[in-house]
Amino acid sequence: MQARRGAKAILVHGGCGLVSAERYDRLRAGVRAAAEAGNAILDADGDALDAVVAAVRVLEDDPEFNAGTGAALTREGTVETDASVMDGDSRRVGAVAAVPDLGNAVLLARAVLEAGEHVLLVGPAAWQFAHEVGITPAPPGSLVTPRQRQRLQEAHTVEREREREGGTVGAVARDRRGRLAAATSTGGTMRKRSGRVGDSPIPGAGTWADREIAVSCTGDGEAILRVALARTISAYAATGMTAREATAAALAELRRLTGGTAGVIVLDHSEHAFVTLSATMPVAWIDDTGAGDAI
Ligand code: ASP
């Protein structure tokens, strides 16, 4: 996946974890559709920022993924979503966390970025801002899918559920002007406490973009937060490692320090790559040389 400087590229992920093989085709189809949505913007000479938002939005609307429709549930069976989006050129970032019944958290995060007043809005109070920018909540319960309701019933302990969660979504892109962006969106962890916030909406933890690199993470949010995974990858890359080497080194550190697991998509001006410590992570990419996917 080598790319020349200035060439466009988008890479998306659908979360790391353990998923049954019968879901592989649907997950592959989802990440491909998301990559195509982002690529359409890049092909029209659009911005990397718009491309990652478009890609993530597709996956939020896909019930197969743990974001928006199909999000993981709190102990009370409700949906609270987290998302962030970061523009590498300007270092502007917007994020929302633990917002109830928010189907397209990435759109509200984008609105926070554009407003520029704050970086992170949390909880039900974020609805005031959503209302101001014309984003309305989903009807209570409408983002809950039968699959997630079933998972909640089976999840007697957080520990047991951790082994098989996944489905967080993210995208990284480089546009034709060489600008980079990253976005991540999630329902968080199954059976989480209401108000729990993971890595996905936290700049430097689950999401990062600067002028050199863009990163979106998935996996054990608490572990990712403890090592500031995305920013650690950018710091390693700044020492001369390739994006893939920097990602592998940071993931090894996460494993060593926390015992947790995670997966990452990463893109710089030379390559795009994915690395995961877990069994599966659906990914799809499109660049000037073609398209591909993996799980
Ligand atoms: N990292 C996400 C969180 O902790 C979950 C995941 O990626 O599966 O909220």
Side-chain angles (χ1 to χ4, degrees), residues 12-19 23 27 30-31 34 56 59-60 62 64-68 70-75 78-84 95-100 102 105-106 109 120 122-123 143 147-148 151-152 155 158-172 182-208 215-233 247 250-251 254-255 258-266 274-283 295:
V12 309
H13 74 77
C16 74
L18 269 179
V19 292
R23 295 184 57 215
L27 295 171
V31 288
V56 164
L59 295 173
E60 288 178 334
D62 186 331
E64 290 294 327
F65 296 90
N66 170 16
L73 305 177
T74 66
R75 290 174 192 190
T78 59
V79 166
E80 294 180 359
T81 54
D82 305 339
S84 61
V96 296
V99 186
L102 184 58
V106 76
L120 175 61
V122 305
L143 302 175
R147 187 173 64 82
Q148 295 291 29
R151 288 182 67 213
L152 180 63
V158 171
E159 285 67 29
R160 188 181 146 207
E161 188 56 32
R162 265 202 183 138
E163 291 166 21
R164 41 192 210 90
E165 68 192 21
T168 287
V169 306
V172 291
T184 312
S185 181
T186 189
T189 49
M190 180 55 77
R191 206 173 172 275
K192 66 184 180 182
R193 287 180 190 276
S194 179
R196 179 264 185 189
V197 174
D199 60 295
S200 306
I202 306 301
T207 307
W208 181 258
V215 183
S216 172
C217 304
T218 169
D220 294 342
E222 284 71 13
I224 295 169
L225 283 162
R226 285 168 62 195
V227 302
L229 183 61
R231 184 70 178 96
T232 297
I233 292 168
T247 301
L251 281 170
L254 176 141
R255 169 60 54 85
T258 71
T261 191
V264 172
I265 55 172
V266 62
F274 59 94
V275 185
T276 181
L277 298 173
S278 76
T280 57
M281 182 171 75
V283 293
I295 194 157

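Indexing begins at 1, ligand by ligand and atom by atom, following the structure's order. Computation of the quantities below employed the complete heavy-atom set of this structure, encompassing side-chain atoms and omitting hydrogens, waters and symmetry-equivalent molecules.
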Undergrad: Kindly confirm or rule out an N or O of T189 lying under 3.5 angstrom from an N or O of ligand 1.
TA: no
Undergrad: Give the numbers and elements of all ligand 1 atoms closer than 4.0 Å to a heavy atom of D199.
TA: 1 (N), 2 (C), 3 (C), 4 (O)
Undergrad: For the pair K192 and E222, evaluate salt bridge (charged side-chain N to carboxylate O under 4.0 Å, His left out) and give the outcome as yes or no after the intermediate values.
TA: CA-CA 12 Å; K192 66 184 180 182; E222 284 71 13; over 6 Å; no
Undergrad: Hey, is ligand 1 close enough to G219 that some N/O pair sits below 3.5 Å?
TA: yes
Undergrad: Between the main-chain N or O of A262 and the side-chain N or O of D220, is there a donor-acceptor pair closer than 3.5 Å?
TA: no
Undergrad: Applying a heavy-atom cut-off of 4.0 Å, say which part of M281 lies close to ligand 1: side chain, backbone, both or neither.
TA: neither
Undergrad: Regarding ligand 1, does T168 bring an N or O atom to under 3.5 Å of one of the ligand's N or O atoms?
TA: yes
Undergrad: Let me know which of I224, T247, L277, T218 forms a side chain to side chain contact (heavy atoms under 4.5 Å, CB included) with V264.
TA: T247
Undergrad: Test your reading of the structure: does G221 have an N or O sitting under 3.5 Å from an N or O of ligand 1?
TA: yes
Undergrad: Which of the atoms of ligand 1 are close to T186, meaning less than 4.0 Å from one of its heavy atoms?
TA: 9 (O)
Undergrad: Answer yes or no: is there a side-chain heavy-atom contact under 4.5 Å between L120 and I202?
TA: yes
Undergrad: Is the contact between T218 and ligand 1 made by the side chain, the backbone, both, or neither, using heavy atoms and a 4.0 Å cut-off?
TA: both
Undergrad: Partners of R231 by salt bridge (Lys or Arg N to Asp or Glu O under 4.0 Å), sequence neighbours excluded?
TA: none
Undergrad: Just do the side chain to side chain contact (heavy atoms under 4.5 Å, CB included) check on R255 and T261 with the steps written out, would you?
TA: CA-CA 6 Å; R255 169 60 54 85; T261 191; 3.6 Å; yes
Undergrad: Using a strict cut-off of 4.0 Å, indicate which atoms of ligand 1 neighbour a heavy atom of G188.
TA: 9 (O)
Undergrad: Return a yes/no value for E222: is any of its N or O atoms, backbone included, closer than 3.5 angstrom to an N or O of ligand 1?
TA: no
Undergrad: Return yes if some donor-acceptor pair links the side-chain N/O of D82 with the main-chain N/O of A98 below 3.5 Å, else return no.
TA: yes
